[in-house]
Amino acid sequence: MFTIGDFARHGRVSVRMLRHYDAIGLLRPAHVDPHSGYRFYSADQLARLNRVIALKDLGFTLEQVAAILDDEIGADELRGMLRLRQAELETALEEARARLAQVGARLRAIESEGRMSTQDVVVKKIPAVRIAELSGTAGSFGPKDISPVIGPLYEELCGRLEAAGVTGFGPGIAYYEDAGRGDGSVVVHAGMTVPEGTAAEGVLVHVLPGIEEAATIVHRGSMDGILPTVQTLASWIDTNGYRSAGYARELYLECPEDPAGWVAEIQEPITRV
C-alpha cells in the first residue's frame, strides 16, 4: 500500500488531484485509516489512474471518464467516442496549424514593412483569355477561408478536364468577387486556360474579360504567405495616385509539388484617383 503522497508521486499527479478524484468517486483509496483518515492506495490502482488521465487528456469530462471506466457504456460506443474525439482533435490540430501559418504570414508582413521593393510593380493591360472553371464560396478573402475552397476546386477541375480528354490546359487563373451576402464572403473562381472548343461535364468554359489597366507583382512561395506581396502592391497603388478597381486575380505561372517553389503574378485592376 502507498500513502497518498507516494501514490501521487508514482502516478505523476498531484495529491490535490487524487483528493478531488476521491471526493467525486472517480478513484477511491483502497483503504482509509478509520482513526487518522489517511488514504492509502494499492499499486494496481495505477492502471485506473492512467486511464483517467489519458481519457481526460483526450478531452472527456470527468463524468464521461467515470462512465467509461465503470462500464456504463458498451465497447462499440466507447470506440465511437474515441474515434469521434480523435477526429475532433485532428481537426483542431489542422486549424491550429492554419492559424500558426497565418500568424507567421502576418509577422512576415510586419517585418517586411518598407523593405519590399515596389519597383517590382508593373502596370500593364491584361488580355482576355479562355478558361474552364469551377467556383465555390469562401467565408472571407482571408487565406484561412480561401485555401480550403480553392484547393479542392482545382483538384476537381483538373480531374474533369483530364476525364474529358482535354490537353494543353493551363496555367491556372483564380479570380474573385463579392458573394453579395453582406458578410464578407466571396465567390472563388478556380480557372485554367484552355484551347478553343474545350468542353467538360459540369465545367463552365468562357472567355474571361481582360483588364484594361492592372498593377501587377510577382509572388514567389506558398500562397499562404502572400500577405507581404499584396500589401506591397497596395502601398504602390496608393503612393502612385491609383485606387483599386476590384479583387486581384492570381495567375499561377509555376506550381511545383512543393508550394515553396510556386510563382504567381498578382493582377489588381486599378484606376486613376
Query raised in the report: Are Val32 and Tyr21 co-members of a hydrophobic cluster defined by side-chain heavy atoms under 4.5 Å apart?
Result: no
Report task. Flag yes if Val263 and Ile126 sit in one hydrophobic cluster, no otherwise; membership is Ile, Leu, Val, Met, Phe, Trp, Tyr, and two members link when side-chain heavy atoms are under 4.5 Å apart. Result -> no
All N/O donor-acceptor pairs, side-chain side in residues 159-181, below 3.5 Å, sequence neighbours left out:
{"residue": "Arg160", "atom": "NE", "partner": "Glu156", "partner atom": "OE2", "Å": "2.7"}
{"residue": "Arg160", "atom": "NH1", "partner": "Glu201", "partner atom": "O", "Å": "3.4"}
{"residue": "Arg160", "atom": "NH1", "partner": "Gly202", "partner atom": "O", "Å": "3.1"}
{"residue": "Arg160", "atom": "NH2", "partner": "Glu156", "partner atom": "OE2", "Å": "3.2"}
{"residue": "Tyr175", "atom": "OH", "partner": "Glu133", "partner atom": "OE1", "Å": "2.5"}
{"residue": "Tyr175", "atom": "OH", "partner": "His189", "partner atom": "ND1", "Å": "3.4"}
{"residue": "Tyr176", "atom": "OH", "partner": "Glu250", "partner atom": "OE1", "Å": "2.9"}
{"residue": "Tyr176", "atom": "OH", "partner": "Glu250", "partner atom": "OE2", "Å": "3.3"}
{"residue": "Glu177", "atom": "OE2", "partner": "His189", "partner atom": "NE2", "Å": "2.6"}
{"residue": "Asp178", "atom": "OD1", "partner": "Gly180", "partner atom": "N", "Å": "2.6"}

Is there a donor-acceptor contact under 3.5 Å from the side chain of [X] to the main chain of [Y]?
X      : Y      : answer
Tyr41  : Arg28  : no
Gln45  : Ser42  : yes
Trp262 : Pro256 : yes
Thr198 : Pro195 : yes
Asn240 : Tyr242 : no
Asn50  : Leu46  : yes

Name every donor-acceptor pair, under 3.5 Å, that has one atom in a side chain of residues 213-223 and the other anywhere in the protein, sequence neighbours excluded.
{"residue": "Thr216", "atom": "OG1", "partner": "Val122", "partner atom": "O", "Å": "2.8"}
{"residue": "His219", "atom": "ND1", "partner": "Thr229", "partner atom": "OG1", "Å": "2.8"}
{"residue": "His219", "atom": "NE2", "partner": "Gly221", "partner atom": "O", "Å": "3.4"}
{"residue": "His219", "atom": "NE2", "partner": "Ser222", "partner atom": "O", "Å": "3.0"}
{"residue": "Ser222", "atom": "OG", "partner": "Asp224", "partner atom": "N", "Å": "3.1"}

State, yes or no, whether a side-chain contact exists between [X] and [Y] at a heavy-atom distance under 4.5 Å.
X      : Y      : value
Ile4   : Tyr38  : no
Asp120 : Thr232 : no
Gln267 : Leu251 : yes
Glu90  : Gln86  : yes
Ile270 : Arg243 : no
Met17  : Ile53  : yes

Query raised in the report: Salt bridge check: are Arg9 and Asp6 linked by an N-O gap of less than 4.0 Å?
Result: yes
Query raised in the report: Does the pair Arg48/Asp70 count as a salt bridge with the N-to-O cut at 4.0 Å?
Result: yes
Report task. Evaluate the side chain to side chain contact (heavy atoms under 4.5 Å, CB included) criterion for residues Leu49 and Leu18: first the C-alpha distance (whole Å), next the side-chain angles of each, then the deciding distance (0.1 Å), finally the verdict. Result -> CA-CA 9 Å; Leu49 176 62; Leu18 289 176; 4.2 Å; yes
Query - Worked verdict on Val203 versus Leu157 for side chain to side chain contact (heavy atoms under 4.5 Å, CB included) - result: CA-CA 7 Å; Val203 174; Leu157 176 62; 3.8 Å; yes
